[in-house]
**Q** 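The structure under discussion is supplied below as structure tokens; questions concerning it will follow.
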Amino acid sequence: MQANSVPLSWYLLLSAILFALGVAGFIWRRNIITVFMSIELMLNAVNLSFVAFSYQLRQADGHIFSLFVMVVAAAEAAVGLAIILTVFKNRQTLEIDEVESMKY
Amino acid sequence: MTILDITLFLPLLGFLALLLVPKDRPDASRTMALAVSLLTFVSSLGLIGPYWFRSPQGFQFEQNLSWIAYPPIRYHVGLDGLSLWLVLLTTLLTPICVLVSWKYIEKRVKEYYAWLILLEFGLVGVFLALDMFLFYVFWEISLVPMYFLIGVWGHERRIYAAIKFFLYTFAGSVLMLGAIIYLYNRTGSFDYSGVVAMITSGRLALTWTEQILLFLAFFIAFAIKVPLFPLHTWLPDAHVEAPTAGSVMLASVMLKMGAYGLIRFCVPMFPAASRACSDWIIPLAITGIIYGALVAMVQPNMKKLVAYSSVSHLGFVVLGIFSFTQQGLDGAVYQMLNHGVSTGALFILVGYMYERRHTLEIAGYGGVATPAPWLSSVFLMTTLASIGLPMLNNFVGEYLVLQGAAIANFTWAVFAAIGVILSAVYMLWLYQRLFFGRASEEVSRHMWDLSGREWAAMLPLLVLMVWMGSYTQSFIPPISAQNARILDLSKAGVDFRVDTRTARSAEVARVR
Amino acid sequence: MNLWLIPIFPLAGATINGLLGRRMSKSAVNVVAIGSVLLSFAWAVKTLLGLGAMEHAYVERYFTWIQSGNLNIGADLMIDRLTAVMLLVVTGIGSLIHIYAVGYMAHEGGYYRFFSYFNLFMFFMLVLVMAANYLLMFVGWEGVGLCSYLLIGFYFLEKFAADAGKKAFIVNRIGDFGFSLATFLIFINFGTLDFGGVFSKAAALTPESGGGTMTLICLLLFLGACGKSAQIPLYVWLPDAMAGPTPVSALIHAATMVTAGVYMVARSAALYRLAPLALDVVAIIGLATAFFAATIGLAQTDIKKVYAYSTVSQLGYMFLAEGAGSFGAGIFHLMTHAFFKALLFLGAGSVIHALGGEQDLRKMGGLRQYAPITMVTLLCASLAISGFPFTSGYFSKDEILAAAYHHAPWMFWLGAITAAMTAFYVFRAFFLAFFGDYRGPHDKHPHESPAVMWIPLGVLAVGSLAAGFVNVPQFLAPVLPAAEEGAGDAWLAYLSVAAGLTGIALAYLFYVARPALADAVAGALGSLYRLVYNKYFVDEIYDAAIVTPVVEGARAVLWRGVDAGLIDGVVNGVGRRSRGIGAVLRLFQAGNIRAYAAWVLLGSVLVILYVGIGGGR
Amino acid sequence: MDLIIFLICSVIAVACGINLVLQKHPISAALSLVGVMGSLAVLYLLLGGAFIAAAQIIVYAGAVMVLFIFVIMLLNAGAEPAGRKRSYARLFGPPLLAIFVLLIAYAIQARLPRSEGVQFGRFTGGSPEGIGIKVFTDYLLPFEVVSVLILIAILGAIVLAHKEIR
Amino acid sequence: MSANFNFPLPDEYVRFLPEITLSAAATLVMLLDGVLTERSKRALAWFAMVGLSLAVVACVYAYQFPGTAFNNMIVVDGFATFFRVLVIAVGILTVLCSESYLRGERAGPGQYYALLLYSIVGQCIMASANELIMVFIGLEISSIASYILAGYLRDDRRNNESALKYFLLGSFATAFLLYGIAWIYGVTGFTNLTEIRRTLMTPETAPSISLIGVAAALMFVGFAFKVSAAPFQIWAPDVYQGAPAPVSAFMSAGPKAAAFAVFMRVFLTAFNPIANRWQPFVWGSAILTMVIGNFAALTQTNIKRLLAYSSIAHAGYVMVAIAADSEIGTAAAMFYLAAYALMQVGAFAVVTYFVRQGERYTSVEDLAGLGYKQPTVAAMLTIFLLSLIGVPLTGGFFGKFYIFKAALDSNLIWLTVIGLLNSAVAAYYYLRIIVVMYMHEPGEASATAPPVSPALSLAMWGAAVGTFVLGIFPSALLDFADRSANLVK
């Protein structure tokens with residue numbers, strides 16, 4: 001492979017790392033919104049994989065897929081933020097650890 | 001639509017009918033229940049027909065309709081010498097239980113009788129089902145009503161007892177379900193006769209492990225129900241806490257489901273395994289006989305005492321079954337009936353006394369014979385029956401069982417016979433503490449003699465005690481014939497330990 | 001011949017009295033009770049006459065009782081010479097005691113109950129003696145046990161009565177345990193329980209070929225006999241059984257039921273022949289019982305207890321005879337004993353009746369002017385039991401001692417000593433009751449019993465004097481061939497008579513001539529006397545060694561320990577444990593979202609590890 | 001050339017990602033997320049996903065993130081306070097995460113068949129034209145169905161967030 | 001760049017008819033909600049009922065034209081139809097339960113029913129999806145709708161919490177699922193299940209097992225989460241406890257059934273070739289699920305939470321059927337899900353009736369004496385509980401029986417034994433409820449129990465009758481399940 005071409009696997013690794021970072025954000029951050037954003041990060045990572053794979057396969061299907069993922073992500077964002085709003089209205093906090101009245 | 005189907009489904013219809021009776025008319029439901037149960041009993045009398053003078057081969061009134069197309073589950077019912085008397089026992093005891101509960105049950109009368117009748121349905125079904133799946137269905141159905149009878153109308157610790165009873169039995173029976181399914185997967189059929197035929201003809205060859213495991217799966221379910229020695233602890237609680245009728249049904253019929261299952265399924269289907277396992281089953285049975293008697297001896301509570309005595313008596317049944325001798329099996333089955341009659345009667349009488357005095361503590365009585373002579377005489381007779389006095393029913397059963405055990409292995413008989421001594425000890429001691437001595441003031445105030453209704457409930461049982469004790473020919477022949485077949489089946493594929501000692505005494509039985 | 005009528009009459013009487021008795025007048029009850037017994041007596045006599053010589057057994061088969069496989073038990077009755085003797089004894093003496101009871105029980109409550117039990121007893125006793133197979137015999141065997149239980153506990157208001165009844169039944173059960181085991185073995189080895197079948201098969205065997213099984217069978221049978229006939233070690237119930245009304249003691253615990261064991265052993269003679277060892281055991285146990293019971297009898301103060309122990313001792317004699325191989329002699333003594341012992345008890349009853357319920361010898365005395373008839377009849381009985389020449393006892397005891405001598409001389413000597421003691425304590429009782437001065441409270445006025453009571457006494461007195469002239473052993477020879485009769489042993493007879501006379505003389509010396517002497521001797525013997533007076537503390541020993549450990553063990557170890565503690569502990573433990581598991585598991589549901597996410601991560605890692613990378617390739 | 005761009009962008013992406021995880025304040029988290037998205041858009045371009053790249057900027061960075069920031073402002077969410085709860089998630093999270101990444105990486109490196117490197121312009125299927133054709137032929141149904149999804153989203157937002165519920 | 005553009009045939013629309021009907025109904029409800037007056041909004045429930053009933057008809061009609069539609073996006077076969085009808089039935093029951101509940105909470109019915117119907121659309125799509133993208137979208141439609149439903153009473157703290165948890169964790173898991181899809185797409189080049197299967201079957205094109213494995217694993221996470229199978233069951237109790245009772249009823253049955261449908265379709269068609277890889281893991285997961293569900297339920301006091309755990313346990317039984325990895329297993333799973341849906345929704349229906357305004361009475365003890373205050377309701381609950389225990393003549397029993405039969409067919413003896421013993425354990429906590437209802441003296445909760453609304457009682461009766469029918473005459477459904485169990489054409 002010539003000098004200035006990038007091995008596909010690098011893209012995949014990058015996506016893996018970003019995915020992992022998303023997971024990490026989900027687990028580490030305590031602000032609900034940030035947690036939600038880490039999910040978005042994960043989705044982005046997935047999208048990268050899709051696009052990368054579809055490059056390798058020379059198909060546009062992956063792109064379609066990631067397109068739909070974006071749409072869904074947008075929808076989720078709307079709903080999710082609405083939910084967060086209600087939670088905040090009732091609890092006056094965005095601390096995720098505060099939202100555990102039901103357990104065991 | 002044979003008379004057998006009628007006997008089986010009358011209770012179900014009765015149950016549905018009872019649900020329609022208005023709540024606020026308890027007497028209506030009482031009468032209804034009595035009518036239904038009596039009708040059932042009458043129709044069940046018709047079942048004796050084929051066995052009147054002869055004991056025909058195979059199943060009578062066989063009915064084999066498809067219930068569920070696939071997997072092939074069939075409504076396959078039939079009657080043979082083994083189930084005949086058990087069915088009659090059930091149908092006889094139900095009306096008696098209705099009578100017994102007449103005054104005893106005041107709250108939620110309608111539900112009570114509904115459950116009682118539904119219970120009858122389940123029990124009759126268990127004894128008639130010839131399709132293993134159907135058998136299991138009835139087996140479980142009979143569980144629920146009893147659970148409610150104990151849990152709702154029982155005494156103080158009724159809830160604990162009810163749950164214990166249900167879980168114990170349920171835990172055992174799920175394993176049986178597994179075994180049934182396994183057999184189905186091997187044979188493609190739930191049909192009892194079919195499977196047995198396959199096994200005996202060797203068309204279905206189970207490996208040794210398979211056979212042992214399947215045997216155990218069935219055996220544990222039945223052993224819990226019987227109950228066999230270490231698995232018996234649900235029984236005292238359930239008996240003590242249950243209302244009178246509950247205890248009666250429990251002791252007289254439900255315990256027999258286990259023994260019945262042993263004879264019907266375990267022995268013919270897994271002959272080799274049964275014979276192999278009898279080496280440890282019999283010691284357990286004998287332990288149960290002696291242990292039950294000893295523990296019964298020291299109980300301060302009447303019902304508990306009778307309950308433990310059941311453990312002892314049922315030990316005889318198991319001993320008889322696993323002695324694999326004609327006498328043993330006949331005795332076992334006969335003992336099942338005897339125990340049904342005499343222990344049932346005992347529980348009824350205990351119930352009578354509880355209704356009067358409102359305590360089950362033996363210490364609360366004493367000198368009852370003075371205020372209630374007839375009650376004490378009836379109780380005496382029942383006591384004598386249950387300690388196996390000759391010319392009363394239990395004697396025959398115990399004798400045959402012990403004879404059979406002795407034929408198989410004399411040592412067993414020696415130990416088991418100790419139980420006979422002990423039974424006299426605890427029952428007579430109980431009788432003395434209840435009835436002899438001078439009646440204390442409140443005893444003489446509370447105890448009065450039997451009422452007409454109470455007589456009506458007891459009389460059939462008393463008659464049966466004498467009849468079954470003095471002229472066994474009216475009962476044993478069908479049993480014997482059936483057991484002979486089962487004995488043959490149990491020899492299938494068994495190349496070891498087929499008893500030779502009876503063969504030596506080739507005395508041809510006199511025929512009259 | 002309708003043998004079945006013989007037992008059925010009493011049964012009918014029992015049923016009628018039992019069900020309707022409460023509404024019937026006393027006289028009606030009497031008619032039913034006595035009538036039924038007399039009827040069966042009459043029918044028995046008629047039957048026997050009809051049967052004539054009875055060279056071999058006459059059997060009537062009625063219906064199959066139990067039929068299972070090759071086991072077939074019929075409700076069959078039979079009569080042979082042995083049965084005949086028993087039949088007459090039971091029905092005859094039974095009727096007399098019934099009549100006597102009318103007078104004795106006149107003032108007791110539960111009159112009808114008493115007679116219905118009494119008749120029921122007759123029924124079972126007759127079944128016992130007429131049964132044609134072991135199991136039917138066992139029916140009677142248990143049945144009489146039941147009636148004795150009921151009758152001993154007749155005064156059930158008193159705890160000691162109820163206890164005595166229970167004790168009797170349970171001790172008998174121990175015997176029956178042996179009996180039933182024996183029947184099992186018999187069936188296993190002979191394939192039948194019919195006397196006919198068993199004995200014909202047994203005849204084919206010899207002691208050698210019979211082997212250990214026969215011995216085992218016979219020993220087990222004898223265990224049964226020990227229970228029923230109050231032999232060591234199971235004799236303890238009989239003295240307590242005196243708690244019942246005196247007619248009961250006379251009929252059941254002297255004349256008939258307690259002899260059932262003797263009868264049964266005699267019936268099984270054919271088997272015992274095959275088991276010499278068992279025979280020795282029988283003889284030794286019998287002799288031992290005879291001796292020890294006699295020693296105890298020496299010191300009892302309750303008149304009925306005295307006679308009770310003498311019964312035990314006499315039964316021992318009978319077993320000694322059978323053990324010595326002379327079954328005829330045993331039965332002979334059984335018959336004579338039935339007469340004089342029944343008489344002794346009835347007499348005692350009449351004495352007690354005369355004193356309004358007093359049983360303690362020390363509170364009697366001087367009754368000879370109050371109750372002369374009783375005294376005379378009792379004298380006859382006492383002479384008979386002491387083997388006074390030409391009374392019935394003389395003949396039978398002579399036979400026994402002779403047989404014992406031929407079996408083993410030392411047995412004879414011991415027997416003779418026992419005879420002396422017997423004579424001594426019987427006459428001790430006699431003298432204490434009728435001679436000297438009245439020692440009881442003076443508000444009571446002793447009086448002679450009514451005719452209905454003393455007439456039976458008279459009849460029995462005649463019997464106990466004359467019965468000896470019936471040569472039972474010879475009559476029984478076809479059934480029970482006697483052991484070889486050694487010649488020229490007249491001196492044995494003299495010796496036994498001498499022993500008896502010595503006993504009487506001593507008794508006279510101690511209790512009439514020199515009353516002080518008795519106490520002096522008792523004092524001199526000291527502890528030995530106390531030991532005997534307290535019946536060797538056997539009851540206490542049994543209680544401490546068997547009853548208490550069993551009961552307490554059952555309570556503490558089995559019930560509290562094993563049942564409630566171990567088994568239920570495990571069961572409930574399983575329940576508790578699984579609830580515990582649940583309580584732990586639910587802790588993972590910490591409610592914290594990030595924790596949940598961590599779980600998901602963990603899960604995914606596991607899945608990838610297993611499903612993904614684990615796959616290789 | 002590609003390599004350099006890739007390296008730059010990926011470094012930015014990872015850096016922003018890490019920043020997202022570390023930042024206590026949602027705003028900075030949001031901004032770093034935007035950074036990630038931007039760099040990803042460039043990478044899409046490299047991979048021949050012209051349309052996706054555009055969509056990424058418009059939809060994600062444009063719409064979605066604005067929404068986020070809007071909400072953050074609305075709730076004026078401040079920096080999260082120092083964690084009071086010691087959630088065990090944080091304890092055994094890192095090793096798990098490491099394992100996770102390693103597993104995936106291993107799969108990528110060791111198992112994935114080698115293919116020639118990525119070079120800009122080699123593949124242009126991701127052009128708006130190509131996407132358009134795909135969407136309106138093979139992916140017609142999902143494309144239609146997604147409308148339902150969006151409808152739900154709107155409805156949900158109304159249900160949960162509008163002023164008065166009754 | 002080939003533009004193979006061909007207009008969809010009428011049949012294809014017919015195959016998609018149920019979804020169309022439902023969306024139409026949903027949209028109508030939504031619009032009507034705007035125009036109707038408060039009073040007349042009651043009618044919306046019945047309107048939704050009509051829509052659902054029409055959808056059922058549509059399903060049956062669509063079944064007349066089996067096959068794929070829209071370039072293999074969806075496939076209409078027995079399996080799909082079965083689950084379509086099932087989820088719609090669940091929807092009907094839910095509507096019936098919700099009617100009085102919403103009135104009690106004075107919550108606007110319009111959007112509620114609309115969301116409900118939309119969510120059912122999503123589940124129908126899942127049931128018939130033959131293409132991962134459809135799976136994904138269907139899943140999202142169903143999930144997002146139920147996120148909102150879970151938090152529908154936005155002023156209720158429990159609702160919010162439940163919604164938030166469900167939403168965050170749900171999308172978290174979905175991300176894994178997507179990642180998995182990306183992988184499977186990358187290594188096979190397809191997202192169409194049949195294509196994927198073909199690729200895996202043909203040796204020369206078959207990629208490395210472990211790559212497929214990774215993909216399968218990641219998708220497993222997503223699905224297992226949706227069906228609440230261990231170790232991904234954690235969210236369920238909190239969410240079910242917090243959501244409005246009728247919504248919990250719906251979520252514990254509908255989405256779960258649909259998710260199982262997808263699960264089975266994906267793993268039994270696409271990943272069938274590597275069954276030997278994932279089957280053992282399903283085995284373990286099944287045991288874990290049963291154990292956690294049953295044992296953790298033993299000590300629960302809140303009845304909604306208890307039912308949540310029990311629903312986990314039942315998911316475990318279905319996993320057993322999947323572990324059997326056979327057509328019988330699939331049929332068993334299908335049957336069981338049907339029976340389970342009936343009894344679970346039935347039980348929740350009673351809870352819905354009982355909790356009262358603001359869900360005041362959610363503790364098991366509150367049911368004390370219900371058997372005498374409200375005999376019919378109590379009898380119903382008893383029936384459902386007995387069915388959950390698995391007492392004969394109820395659907396629950398037959399379902400269990402059939403599942404264990406399948407398991408034994410595949411020689412999963414130990415799995416069967418453990419499952420059987422588990423059902424014995426489960427009996428305990430169900431019995432406890434019965435005990436409280438019949439053997440305790442009535443408390444004020446049951447004393448103040450209002451009469452049952454017609455819609456609710458209709459739901460209960462429907463579920464009860466269904467339970468019995470499945471228990472006594474299972475043949476019809478069973479045959480259908482058996483016939484449509486062979487996913488692999």
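Labels below follow one simple rule: chain letters A, B, ... track the order of the sequence lines, proteins then strands, and each chain is numbered from 1.
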**Q** Locate the shortest heavy-atom distance separating C/C147 from C/F124; write the atom from each residue and the value.
**A**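 Of all heavy-atom pairs spanning C/C147 and C/F124, the closest is SG-CD1, 3.8 Å.
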**Q** Hey, would you say the E/F176 and E/F172 ring centroids sit under 6.0 Å apart?
**A**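 Between E/F172 and E/F176, which both carry aromatic rings, the centre distance is below 6.0 Å.
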**Q** Among all residues two or more places apart in sequence or in another chain, which pass the side-chain hydrogen bond (donor to acceptor under 3.5 Å, both in side chains) test with C/K167?
**A**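 C/K167: side-chain hydrogen bond (donor to acceptor under 3.5 Å, both in side chains) contacts with C/D240, C/D539.
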**Q** Just so I understand: if I count every heavy-atom pair under 4.5 Å between each of C/L606, C/I608, C/V600 and chain E, which residue has the most?
**A**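 That would be C/V600.
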**Q** With sequence neighbours excluded, tell me which residues meet salt bridge (charged side-chain N to carboxylate O under 4.0 Å, His left out) with E/D325.
**A**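 Expected list: none.
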**Q** Can you tell whether the side chains of E/E161 and E/R158 come within less than 4.0 Å, N to carboxylate O?
**A**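 Looking at E/E161 and E/R158, the cut-off is not met.
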**Q** Side chain from CB out, backbone as N, CA, C, O: work out which of these in E/V214 comes under 4.5 Å of a heavy atom of chain C, or both, or neither.
**A**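 Contact with chain C: backbone and side chain both.
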**Q** Tell me the salt bridge (charged side-chain N to carboxylate O under 4.0 Å, His left out) pairs involving residues 279-306 of chain E, sequence neighbours left out?
**A**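 For residues 279-306 of chain E: E/D238-E/R305, E/K304-E/E359.
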**Q** Measuring only between side-chain heavy atoms, which start at C-beta, is E/V318 closer than 4.5 Å to E/V227?
**A**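 With C-beta onward as the side chain, the pair stays apart.
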**Q** Sub-4.5 Å heavy-atom contacts with chain E: which residues of residues 572-582 of chain C show up?
**A**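 Listed by number: C/S578, C/R579, C/I581, C/G582.
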**Q** Using a cut-off of under 4.5 Å for heavy-atom pairs, which of E/V425, E/L168, E/V291, E/I234 has the most such pairs with chain C?
**A**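 Top count of heavy-atom pairs under 4.5 Å with chain C: E/I234.
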**Q** Quick one: are the ring centres of E/F263 and E/F220 less than 6.0 Å apart?
**A**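 Yes, ring centres under 6.0 Å apart.
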**Q** Using non-hydrogen atoms and a 4.5 Å limit, figure out which bit of E/Y428 sits close to chain C: side chain, backbone, both or neither.
**A**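 It is the side chain, since no backbone atom gets that close.
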